Amino acid sequence: MFTFTGRGVIACAAVALTAVMAGCSSDSPAGAPATAITTVAPSDGTGSPPTESAAATSDTGSGRPPTETAPEAAPRPLSTFVEGAGYSFGTPSSHIQCRVSSSTLACQTRGRPHTVMTDSLCKIRLGDEQGRADLFGYLEGGTLPCATVTQGEVYVSPHTLGYGQRVTFELTQGIAVTCGSATDGLTCTDTDPSNGAGFFLSVDSFMQL
């Protein structure tokens with residue numbers, strides 16, 4: 001059994017206080033900045049914290065789904081548009097109807113006549129075409145598109161070239177023409193850039209390209 005006198009208690013207390021102060025001191029000089037604390041972001045379940053790009057593109061509670069870019073539609077195969085000995089297609093609105101033979105790509109807007117520039121007329125029926133043109137394309141083996149008046153039947157294709165879709169036809173005069181459908185109209189162009197020929201057709205306009 002140990003007995004402490006009052007003086008002994010004071011001495012022990014002084015020793016203990018000195019030990020505590022020594023333990024609280026550091027090698028850094030007084031006033032040195034505190035060590036930075038690194039915060040770890042919560043995991044997204046994959047074992048790694050979310051990246052900045054992921055955080056930037058995530059929904060922040062707007063209530064709107066994330067925006068996605070629709071992939072470009074692939075070209076439609078030619079076999080999709082076979083009709084008899086040739087091919088045909090119409091636009092989704094049915095306002096433009098096209099038929100393709102070995103040397104002709106002709107598109108009708110029957111019931112919706114166009115007034116076009118004189119230089120764009122085929123001059124097949126002189127005096128009748130201006131103000132009444134409703135047949136357009138590569139006609140009678142021509143290598144440049146033009147506009148004229150429908151002669152004969154009105155046709156309606158059983159096939160549709162959807163908006164954003166395109167198809168290519170090869171004509172015997174040595175040109176290949178790609179037609180693409182869009183909400184504002186039909187664009188058909190020669191696949192050879194050196195020719196630079198083509199046309200744009202809608203229900204109220206026709207333009208050579």
Side-chain angles (χ1 to χ4, degrees), residues 64-84 86-122 124 129-209:
R64 295 188 298 271
T67 301
E68 295 184 1
T69 302
E72 182 181 355
R76 296 288 303 277
L78 191 59
S79 58
T80 304
F81 303 98
V82 172
E83 182 183 7
Y87 307 93
S88 71
F89 66 89
T91 56
S93 67
S94 298
H95 293 158
I96 299 174
Q97 298 289 326
C98 302
R99 270 186 177 173
V100 184
S101 67
S102 60
S103 62
T104 299
L105 189 157
C107 297
Q108 288 184 346
T109 58
R110 193 64 179 266
R112 297 175 177 82
H114 292 45
T115 297
V116 303
M117 296 179 61
T118 302
D119 291 345
S120 298
L121 296 174
C122 297
I124 297 173
E129 294 172 333
Q130 189 55 274
R132 299 176 56 196
D134 60 0
L135 183 65
F136 313 87
Y138 298 86
L139 309 177
E140 298 189 349
T143 57
L144 294 175
C146 59
T148 188
V149 178
T150 298
Q151 302 179 56
E153 65 176 334
V154 177
Y155 49 81
V156 177
S157 174
H159 311 299
T160 300
L161 183 63
Y163 296 139
Q165 298 178 345
R166 61 187 186 275
V167 61
T168 300
F169 304 96
E170 293 189 5
L171 305 181
T172 55
Q173 55 266 46
I175 62 174
V177 180
T178 297
C179 290
S181 177
T183 56
D184 60 346
L186 180 71
T187 301
C188 295
T189 55
D190 191 327
T191 58
D192 183 351
S194 65
N195 292 337
F199 68 89
F200 170 79
L201 176 64
S202 69
V203 294
D204 55 11
S205 66
F206 170 75
M207 180 175 60
Q208 291 176 326
L209 302 177

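The structure displayed is predicted, hence computed values, not measured ones.
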Report task. Please test His159 against Tyr87 for ring pair (Phe, Tyr, Trp, His ring centres under 6.0 Å), starting from the C-alpha separation and ending with a verdict. Result -> CA-CA 9 Å; His159 311 299; Tyr87 307 93; 9.2 Å; no
Query raised in the report: So does Glu83 have more than 12 non-hydrogen atoms from other groups sitting under 6.0 Å from CD?
Result: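 Atom CD in Glu83 is crowded, with more than 12 foreign heavy atoms closer than 6.0 Å.
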Query raised in the report: Counting only heavy atoms not in Glu140, do more than 12 sit closer than 6.0 Å to its CD atom?
Result: no
State whether the side chain of [X] and the backbone N or O of [Y] hold a donor-acceptor pair below 3.5 Å, judged by distance alone.
X	Y	answer
Ser181	Leu161	yes
Thr191	Val177	no
Gln108	Thr150	no

**Report entry** Given Ile175, Leu144, Thr143, Thr104, the one that forms side chain to side chain contact (heavy atoms under 4.5 Å, CB included) with Tyr138
**Finding:**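 With Tyr138 as partner, side chain to side chain contact (heavy atoms under 4.5 Å, CB included) holds for just one option, Ile175.
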Query raised in the report: What is the distance from atom CZ of Phe199 to atom OG1 of Thr189, rounded to the nearest 0.5 Å?
Result: 9.5 Å
Report summary line: NE2 of His95 to SG of Cys107, rounded to nearest 0.5 Å, is 15.0 Å
Query raised in the report: Would you say Cys179 and Cys98 have SG atoms less than 2.5 angstrom apart?
Result: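 No.
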Query raised in the report: Just checking, is any N or O donor in the side chain of Asp134 or Thr109 under 3.5 Å from an acceptor N or O on the other one?
Result: no
Query raised in the report: Is the shortest side-chain N to carboxylate O distance from Glu153 to Arg99 below 4.0 Å?
Result: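 Here Glu153 pairs with Arg99 in a salt bridge, since their nearest N and O are under 4.0 Å apart.
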